[in-house]
Every structure is written in structure tokens, then in C-alpha cells.
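Notes follow once the structure below has been shown.
A note on names: the letters A, B, ... follow the listed sequences, proteins ahead of strands, and every chain is numbered from 1. Because the structure is predicted, anything quoted here is derived from the model rather than measured.
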Amino acid sequence: MDISQILDPLNKAQRRAVCSEAQNTLVLAGAGSGKTRVLVHRIAWLVQVENVSPYSIMAVTFTNKAAGEMRFRIESLLKTPLRNMWVGTFHGLAHRLLRAHWMDAGLLENFQIIDSDDQRRLVKRIMKEIGIDEKQHPPREVQWFINDSKDNGLRAAQLNPREFRGREFMLDIYSRYEELCQRTGLVDFAELLLRAHELWLKQAHVLKHYQQHFSHILVDEFQDTNTIQYAWLKVLSGNNLPQTNMSSFVVGDDDQSIYGWRGAKIQHIRDFNSDFNASAAAEKEVSTIIKLEQNYRSTGNILQAANAVIANNSDRLGKELWTADSEGERLQIYQAFNEIDEAAYVAGQIEKWIDNGGKRSDIAILYRSNAQSQPHEYELVKRGIPYRVYGGLRFYDRAEIKDALAYIRLATNRQDDAAFERIVNTPTRGIGQRTLEIIRDTAKSNQDNLWQTANTLIENKQLSARAAAALQKFIDLIDEMDCTAEAAEFSLAEQVTHIIETSLLKEYHGKDNSERAQAKVENLGELINAVKRFDDEGDPLLDAVKESLEDMLDKSEEVLSNPMSEFLAHAALEAGEGQADEWEECVQLMSLHSAKGLEFELVFLSGLEQGLFPHKNALQDYVGGKLEEERRLCYVGITRARQQLHLTHAESRTMYGRNEMAYASQFLTEIPAELVTQVRAVNNNMSSFHSSENNKPFSTHDSNEGDIALGQRVTHKKFGEGTVIDIEGSGARARVQVSFDYEGTRWLMLSVANLI
DNA sequence: GAATCTCTTGTTTTT
DNA sequence: CAAGAGATTC
């Protein structure tokens, strides 16, 4: 392959980045400026021109989707499969390293990854044990504290107790949690990263091995790295050495940093230059910054809107996107009466797009929170428009699946307390609170896991005959499911099928004949297919690790861990986006967070209301930091659109069962009016009147009680809750409903929902 | 010990 | 509206 194929499709700045000779390169890439393309072509350049071996390259991303796409695009560009290249997410790579070096990392061989749900249960259990009132200190907060500490690389022992005066219990819970996880072979998401970092620091031979193995590290979405990820990269890149040959190539956009709540620090982009040049033995340029500002994605109007919104943020690195493209259409803002009307507008526009020959897969509906997908789904189903929802409750997160996985976990690793707790009495088998309390207490005082404790208690006849019998039945059941090495003669699918059958989970979840129950039974069946798929496809990273460890003395056998553990890790890390219907032609629904990195011809940004987006939690933060992250999220949303962008908000929205009124999002007012067309459909049979108790923002007008003209505004004083109103000119009548907005202001609501 | 009821309470985003 | 906790009844 000749160089022109790699370089021809690139502009000048992109080419400069791809061919960068600096040891460390930071690419500041605006939205739609060809960020992924630069990464992919950079790798192709390294392999084809600089003769770098693919497996001395490590490419890190944040999502599995991005990792998969990068691998795919590199393979298509180079026209060769690259099984041995290290491409993965931070968590995926960290997990892979820990599996290969579990002993050096101080973990149990069959350690399991727990999600935040399991984590909260464990925290709760500890709080109960040491008598901390959950009402006063929500487990969520403690959980957040633990994760935040880990994200910053701090273990309980490293925290200063003096800073916890009056909250010493936080530290106490943290260290007990660490101890419990260690003993039972459980690793949470933050722990994956922290352990991997500690592996570098504590095991010099491991670090040295990988420092010699890799010559190039590439990082996507660099603005999203948290402290521990950044430190991990820094150490691996040889920052601790006087001289290193490792080359780092990172790509990011400070304006698209949207994971601050997960510990990401934009500051890392600023620090990169000074932090990654310790090896200044410079025969060649040490570090360089390249800005990509030409946007190839969106129309001029969309880009201008995005620029205008993000300009309200302070402390940016400074980038101004431009396009050679034409202005295009104006953005359209639709003020809906409520979320049903909003969904109807969106679906109507989608039908129009399709009628004009547009593709469904070019359309995305984006929202701030996953719950907002529901009214849209309802409307799309009603009109028979195929769609697909990303995120939200994912396959492996469903209760019935987590139950099944807990059985598999316990069958794989008896020390897994989290799994034990989840299924010891699911389905119910006569093991009640009392028995469980005894097991927990004994386990606590003996510093033992629940499984072993239960066995001991039965042996020593310390339980009532009834409880002991029930517990014994459970123990026998799990033993019979055994998935440890001895089960190797059965395929994964056979083992899982057996577990689902003998656990009676299908009977348990399907007992009432509801649709919901039926779906659960089907999901359990689907789990077997998921196992089969996993067994067929395997983990592309595994091959890479095997290869890279071949030269590491007597370590190669450690790489091959129990296949069932591999599957469980896959379930925890991939969370199971449906893969089968990936290529089906349908409208895409997803949160703004999961939309990052994607693009669509037609985009709907829905729910642009003050309190929802920006979210009310962010508004309470008067420092503005959180609000700025919301604004970046809005920037991400706007820049997803290529041709057409619709922004919608509703005056009233059903939230936790009540109608809530809301003002339009401040972000809407930040878009220059000349870029926008305001749409308001009047040809539906829906009317909405509202006013606040203090007559803000509307003035009051005299009106005969019980008779309202279309479009007239009223106060609640004349029309109390339940008053019947004639809607002038329509012949319709409605009943007044009183609602409250986010600030607690009282409103009157009349809509099609109130028609009588 | 299990099932059912009532009550409260809490709601972003993801690996 | 939903999940979870706590109380009540079987």
C-alpha cells in the first residue's frame, strides 16, 4: 500500500498530526474535525511507513463502541485483520492486565467485577454491620466517596483521618469495604484502574515488560481521563525514566468534556505538554500541539449555533470551528405542550424525512436522561417507525439476568459474597432474614466469606434444623452447578443452560403470566445465546495479551483464566448492547452522553427545559462548574447534527407521576435568533393555558369564570382545581389542573389530557 | 419465613 | 411512577 492512501484523504492540519515526528503529540480536535480519522490514519502511518509492529501499539478509548469502531476502521484501511493489536477501553485493558497478572496484582485467580449496584449492596451491608444509620447517611453518598477516592488514586489508608472529623465512619466503611472485596475476590470499576496503576508501581518487572513491549500509546477522548487513568498512562509511557522511547499521541477536545462527575479532569489536556516530556533527551522534537478546527460534519448554521452556545463557557483552551460548507437550513425550535406533544412533533418530522427519501438510520433523538425515551418510543411504536434505544437498562443489568449471573459467579467463585447475598434466597427457599443475619454476623467475626461460614454453621449445628436444611439444599445446588476448572469438559453454553434450568429462575420470574414476566423468561433464554456468541467470538484483546506475554518467563499459563470468568467479565464490562440488530435500518434513541463521537443527518434534541437540561442538580451549583459541563453536553448534542437540527422543549412534563411546568432551557436563548425558526403547530386539538400564582411571567386579564378564549391566560384565583372550563371556539370542555414547577411556583394546566 | 400492604422517598449522565 | 423499607397478616 502506498502512502497516498493514508495521506490523501487528509487536510493539512490532519496530515501534520498523522505524520507528527514529535515524541508526544497532543491533537486538539474540535467536534467533527476528523478526530477518529486522524487516530486511525496515524496508526496506519506508523505501521505502513514507520514499520512499527501492530502489537507494539496500544490504543485506548473510553467506550466499547469506540474501541470496536477503531479496530474495524484500522483493519479496513490496512486491509488486514489485526488480532494482536491492543485496542480497548481503559477498563478493558486494565482488566486484561489484572487477569494476566492476578498474582502480582494480589487478586484471587477468579476475581469478579462488580457493578455499582453490587457495590452499593456491599456498602449497605457494612453500614448495617457497624451500625451507621442509612437515613442519616445514604449509602449512595458513601459509595460516591469511595469511588471518588479511588478515582483520585487514594486508598483508605492514604487518607488523612484528621480531615474526617465527625465523619470518621466514612473512612471506616471504606477500609472495611476494601477488606471485604479483597477477601471475596470482588473488583469494582474504579478498582480495576487503581489496581492496574498499582501493578505498575509495585511490580517493576511487569512495568518494565510493557514499557519494552509498547512503542506507541494513542488515547482517544483525552479530555475524559480521570486522575488514575492519567497517572497510569504517565507511568507506562516511561515518565519515570530519564529516557524513554515511548511515544504518546493523544486526541481530545476540552469543549466535549462531559465526564467531570466521574472524576475526569480537563486540566489533563493542559498538563500533557509539561508532564509528558520528562525524557527530554531530545534529538527530535519532544512535544507538540496540533489544532483541528475545520469541521466536515455540520452546516454553517448548526456550527454557528454550537460556537455561540459554547462561547458562554469560561476557561476554554480556545478553538473556533469553521466550515467550508454552506449555511444550510435554520435550526428549528418547537415549544410543545407536554412530552406527548413533543414526541408527536418529533415523529411527524421523522415521517416527513422518510417521505422525502431519507433513511431512518440517519436520524437520532437525543435527550438528557434515559427516562425521556419512553414517550418517544410510545409515539414511534404507534406510527410503526422502527427504532432502537441505546443505553438505559442494558441487557446484563436486568434483574433476572443479574440473578442468573450471580448463580454463575458463585458457581465460579464460592467466595463471592455479593453473588451469595443476591441469590441465597432467590427463588425463595426458606432462608429468611434471621438465618442470614446469623451468617453475616458469624462471617464478620470470623473474617470469613458467607459461603464458608454457612457451611461451618451447618456443620457445627448452630442453626435451627429447618434453616440448616434449607441452607444445605442451597449449598448442594451451587456445588452441583460447579463452574470451576473441573467443569471444563462442558461448553460454556451447556454450563449456563444447566444453571438456568436447575436454579428454577425461569419459573420464579415467569410465575405471573404478565407480559413483563414473559419477557424475563425470554431474556434468560437470550442469555444462553449471549454465551454462545461470546464463546464463538472471544475477546480480541486476549490474543494480544497472549502474544505480548510469550517472552515473559513462565507467565504464559496465567493468561488463560477460567473461560467462565472471562464471560462474566465480558458481561460486566460490555453491559450488553444488543448486537444482532445493529445494522437494521432504524431511528436511534440515546442519551447525549452516549451520542458523543457519533453523527447523524437529522438530530432532535429533546427536553430542553430549565431543570431538565440543564439538570436541576447542576443549576444549584452557583460556582458554575457543573453548569458549564451541562453546556458542553449541549455543545456535544448540537454538533452531532449534519444537516438538520430540531430543538424541542415542553411547557409541561410528567415527572414522577405529576405534571411539572418548566421554562425553556437557557441554552435555547444562547443560540442567536437569526439561526433559528420557531415552530408551533396550532392545528392540533390541544390547548394549554397557564399562569403563575404571582402572575409571572404572564399578566392577568378579566375573564368570565368558566369561559376561556383560545390562547388566553388565566390565574388560579378564578379557576381553582377541578373547575370546568369551556374552551371558546372549540366546543370542548376541560377541567383545571394545578401543577407546580421546579421552583415551586403554582400553575394552571389545561391540555388535551384534561378534556372532558 | 413468606406474601401483601402501606408509606416514604428519591430521581443525570457510564465504565 | 417506581423501588425500597417497614409493618401486618397468613
Side-chain angles (χ1 to χ4, degrees), chain A residues 60-67 88-95 113-117 119-121 124 128 134-135 138-141 144 147 150-151 187-193 196 221 224-226 228-229 257-264 366-372 374 390-394 396-397 399 425-437 464 466-467 469-471 511-512 516 569-577 590-596 607 611-620 626 629-630 632-634 636-637 653-660 742:
Chain A
V60 194
T61 63
F62 275 82
T63 65
N64 296 302
K65 211 195 278 173
T89 64
F90 274 104
H91 291 87
L93 294 168
H95 164 250
I113 302 167
I114 53 170
D115 63 12
S116 56
D117 222 52
Q119 188 184 34
R120 197 165 56 253
R121 282 167 202 262
K124 259 175 140 166
K128 208 175 230 167
E134 279 185 28
K135 290 265 158 56
R140 288 181 152 277
E141 274 173 30
W144 175 82
N147 288 335
K150 288 190 180 184
D151 283 344
V187 174
D188 59 50
F189 290 128
E191 183 76 22
L192 284 171
L193 304 173
E221 309 282 12
D224 288 333
T225 50
N226 67 27
I228 197 73
Q229 290 163 333
S257 164
I258 55 175
Y259 286 100
W261 51 275
R262 215 170 62 182
L366 310 180
Y367 33 75
R368 175 68 235 262
S369 62
N370 286 308
Q372 286 169 253
Q374 227 232 353
Y390 287 83
L393 187 59
R394 284 168 296 194
Y396 291 116
D397 285 340
N425 200 33
T426 308
T428 48
R429 50 174 68 87
I431 301 166
Q433 282 308 307
R434 185 74 202 108
T435 312
L436 266 174
E437 247 167 66
S464 71
R466 197 167 61 154
L471 200 53
K511 62 178 177 287
D512 50 346
R516 185 90 196 85
H570 166 83
L573 289 172
E574 309 266 331
E577 295 286 4
M590 66 189 84
S591 72
L592 286 157
H593 281 86
S594 24
K596 189 161 75 154
L612 186 61
F613 187 30
H615 193 269
K616 58 173 184 279
N617 294 356
L619 286 168
Q620 283 159 9
K626 284 188 187 166
E629 182 153 315
E630 295 287 301
R632 290 193 292 269
L633 195 53
C634 184
V636 167
R653 186 175 292 275
T654 314
M655 296 189 90
Y656 22 88
R658 294 207 72 77
N659 272 331
E660 304 267 2
Y742 294 114

Worksheet item: Taking NZ from A:Lys616 and C1' from B:dT12, how many angstroms apart are they, rounded to a whole number?
Response: 10 Å

Worksheet item: Within the structure, does a side-chain N or O atom of A:Arg394 lie under 4.0 Å from either OP1 or OP2 of B:dT15?
Response: yes

Item to complete: May I have the distance from A:Asn617 (atom CG) to B:dT12 (atom P), rounded to whole angstrom?
Response: 7 Å

Item to complete: Could you please name the option among B:dT11, B:dT15, B:dG1 that lies closest to any side-chain atom of A:Arg434?
Response: B:dG1

Worksheet item: In whole angstrom, what separates A:Tyr390's OH from B:dT15's C1'?
Response: 18 Å

Worksheet item: Can you check whether A:Met590's main-chain N or O pairs, donor with acceptor, with A:Tyr367's side chain at less than 3.5 Å?
Response: yes

Worksheet item: Hey, does A:Ser116 reach any base, or is it just sugar-phosphate, or nothing, if we go heavy atoms under 4.0 Å?
Response: nothing

Worksheet item: When the distance from CG of A:Asp117 to C1' of B:dT15 is rounded to whole Å, what number comes out?
Response: 15 Å

Discussion item. For the backbone of A:Ser369 and the side chain of A:Gln372, can you confirm whether one donor and one acceptor N or O come within less than 3.5 Å of each other?
Written reply: yes

Worksheet item: Which part of the nucleic acid, if any, lies within contact of A:Arg140, taking any heavy atom under 4.0 Å across all strands shown: a base, the sugar-phosphate backbone alone, or nothing?
Response: sugar-phosphate

Worksheet item: Separation of A:Trp144 atom CH2 from B:dT14 atom P, in whole Å?
Response: 19 Å

Worksheet item: Taking it one step at a time, do A:Thr89 and A:Leu573 satisfy side chain to side chain contact (heavy atoms under 4.5 Å, CB included)?
Response: CA-CA 10 Å; A:Thr89 64; A:Leu573 289 172; 5.9 Å; no

Practice prompt. Compare the ring of A:His615 with the six-membered ring in the base of B:dT12 and state whether they stack (centres under 5.5 Å, planes under 30°).
Written response: yes

Worksheet item: Between A:Glu629 and A:Arg632, is the closest basic N to carboxylate O distance under 4.0 Å?
Response: yes

Fill in: Pairwise 5' ranking along DNA chain B for A:Gly430 and A:Ala190, keeping only the more 5' one
A:Gly430

Fill in: Pairwise C1' distance, C:dG4 and B:dT13 [rounded to whole Å]
23 Å

Worksheet item: Please give, in whole Å, the distance from B:dG10 P to A:Met655 CE?
Response: 16 Å

Fill in: Donor-acceptor contact present, side-chain A:Gln229 to main-chain A:Phe90, <3.5 Å
no

Worksheet item: Starting at CD of A:Gln229 and ending at C1' of B:dT15, how long is that distance when rounded to a whole Å?
Response: 9 Å

Worksheet item: Hey, does A:Asn425 reach any base, or is it just sugar-phosphate, or nothing, if we go heavy atoms under 4.0 Å?
Response: sugar-phosphate

Practice prompt. Identify whether any heavy atom of A:Asn370 sits under 4.0 Å from a base atom; if not, whether one sits that close to sugar-phosphate; answer base, sugar-phosphate or nothing.
Written response: sugar-phosphate

Item to complete: Check every strand shown and say whether A:Phe613 touches a base, only sugar-phosphate, or nothing at a heavy-atom separation below 4.0 Å.
Response: nothing

Worksheet entry | Stacking check A:Trp261 vs B:dT13 (5.5 Å / 30 deg) | yes

Worksheet item: How far apart are the C-alpha atoms of A:Arg368 and A:Leu633, what are their side-chain angles, what is the distance that settles it, and do they pass the side chain to side chain contact (heavy atoms under 4.5 Å, CB included) test?
Response: CA-CA 9 Å; A:Arg368 175 68 235 262; A:Leu633 195 53; 3.4 Å; yes

Item to complete: Provide, to the nearest angstrom, the distance between the CG atom belonging to A:Leu592 and the P atom belonging to B:dT12.
Response: 15 Å

Practice prompt. Using the ring-ring contact (aromatic ring centres under 6.0 Å, His included) rule, pick out the option among A:Tyr390, A:Phe613, A:Tyr259 that qualifies with A:His593.
Written response: A:Tyr259

Worksheet item: Going 5' to 3' along DNA chain C, which nucleotides are the first and last within contact of chain A (any atom under 4.0 Å from a heavy atom)?
Response: C:dC1 to C:dA5

Worksheet item: Base, sugar-phosphate, or nothing for A:Lys596, non-hydrogen atoms under 4.0 angstrom?
Response: nothing

Discussion item. Once you apply a heavy-atom cut-off of 4.0 Å, does A:Phe62 come out as touching a base, just sugar-phosphate, or nothing?
Written reply: sugar-phosphate

Discussion item. So A:Ile258, base contact, sugar-phosphate only, or nothing? Heavy-atom distance under 4.0 Å.
Written reply: nothing

Worksheet item: Under the 3.5 angstrom rule, does the side chain of A:Glu630 hit a backbone N or O of A:His615 as a donor-acceptor pair?
Response: yes

Worksheet item: Taking A:Asp224 for the side chain and A:Ala264 for the main chain, is one N or O donor matched with an acceptor at less than 3.5 Å?
Response: no

Discussion item. Need one value for A:Thr654: base, sugar-phosphate or nothing, where a base atom within 4.0 Å counts as base even if backbone is also close, heavy atoms only.
Written reply: nothing

Worksheet, complete the sentence: Among the nucleotides B:dT15, B:dT12, B:dG1, whichever has the atom closest to the side chain of A:Thr435 is B:dG1

